[in-house]
Amino acid sequence: QVQLVESGGGLVQPGGSLRLSCTASGRIFNTNAMGWYRQVPGHQRALVATINGHHIPNYADSVKGRFSISRDNAKHTVYLDMNTLKPEDTAVYYCYVDNLLYYADDGRLSPLTDFWGKGTLVTVSS
């Protein structure tokens, strides 16, 4: 079974920092683009940052210069370093993989697309 396991959310004061991690667990062969989206109640889920298999990042304008996304392909893990956090960064952050290959129970390589984690809450408040 394949899962996206997120960690690192929590409560932080304005101006503080947090690091989110997301690991694709299971018999993973490889992952393509990975990234983070966030959602606040009453709003649609919005892009925060993505990074492709060649480590090329893409950021939402609202986080450019404050957030940094990186990945470890060997560990099938993506990280989001969030600095100079603002109250408006408060949201549930969801890990995302656009497609990955994994070994199914019969040993065959199988694809998964548009795969999401369960989310981790980030609260920025004094």
Worksheet item: Thr77 and side-chain hydrogen bond (donor to acceptor under 3.5 Å, both in side chains): which partner among Thr31, Thr23, Asp72?
Response: Thr23
Discussion item. Using every non-hydrogen atom in the two residues, find where Leu80 and Ala49 come nearest and quote the distance to one decimal.
Written reply: CD1-CB, 4.3 Å
Item to complete: Sort and list the pairs that fulfil disulfide bond (SG atoms under 2.5 Å apart) and have at least one residue in residues 97-126, not counting sequence neighbours.
Response: none
Worksheet entry | Euclidean distance, Asn52 CG relative to Arg71 CZ, rounded to 0.5 Å | 7.0 Å
Worksheet entry | Nearest heavy atoms of Ser126 and Pro14, plus distance in Å | N-CD, 3.7 Å
Worksheet entry | Gap between atom CD1 of Ile51 and atom OG of Ser68 - 0.5 Å precision | 8.0 Å
Fill in: Gap between atom CG of Leu109 and atom OH of Tyr102 - 0.5 Å precision
10.0 Å
Practice prompt. Quickly, which of Val63, Asn58, Leu20 forms a side-chain contact (heavy atoms from CB on, under 4.5 Å) with Val48? Name it, please.
Written response: Val63
Worksheet item: Does Cys22 reach the side chain of Leu4, with side-chain heavy atoms less than 4.5 Å apart?
Response: yes
Item to complete: Tell me, with the steps shown, if Glu6 and Tyr93 meet side-chain contact (heavy atoms from CB on, under 4.5 Å).
Response: CA-CA 9 Å; Glu6 300 143 324; Tyr93 285 70; over 6 Å; no
Fill in: Any donor-acceptor pair under 3.5 Å from Asp98 side chain to Ala33 backbone
yes
Item to complete: Find out if a path of hydrophobic residues (ILVMFWY) with successive side-chain heavy-atom gaps under 4.5 Å connects Leu112 to Val78.
Response: yes
Fill in: side-chain hydrogen bond (donor to acceptor under 3.5 Å, both in side chains): pairs with one or both residues in residues 81-92, sequence neighbours excluded
Ser17-Asn83, Arg19-Asp81, Arg38-Asp89, Arg66-Asp89
Worksheet item: Can you tell me how far CD of Gln3 sits from NZ of Lys118, rounded to the nearest 0.5 angstrom?
Response: 6.0 Å
Practice prompt. Could you note down all residue pairs passing ring pair (Phe, Tyr, Trp, His ring centres under 6.0 Å) where residues 30-70 supplies at least one of them, sequence neighbours left out?
Written response: Tyr37-Tyr96, Tyr37-Trp116
Worksheet entry | Single-linkage hydrophobic cluster Tyr79~Leu18, side-chain heavy atoms < 4.5 angstrom | no
Worksheet, complete the sentence: Separation between OG1 (Thr123) and CG (Leu11), nearest 0.5 Å, reads 6.0 Å
Response to the item:
All heavy atoms of Gly53 vs all of Asn73, minimum pair found to be O-ND2, 3.4 Å
Worksheet item: Got a second to check how far Thr50's OG1 is from Ile69's CD1, nearest 0.5 Å?
Response: 6.0 Å
Fill in: Over 12 non-hydrogen atoms of neighbours within 6.0 angstrom of CG in Asp105
no
Worksheet entry | Val2 and Ile28: CA distance, side-chain angles, deciding distance, side-chain contact (heavy atoms from CB on, under 4.5 Å) verdict | CA-CA 8 Å; Val2 177; Ile28 308 296; 3.7 Å; yes
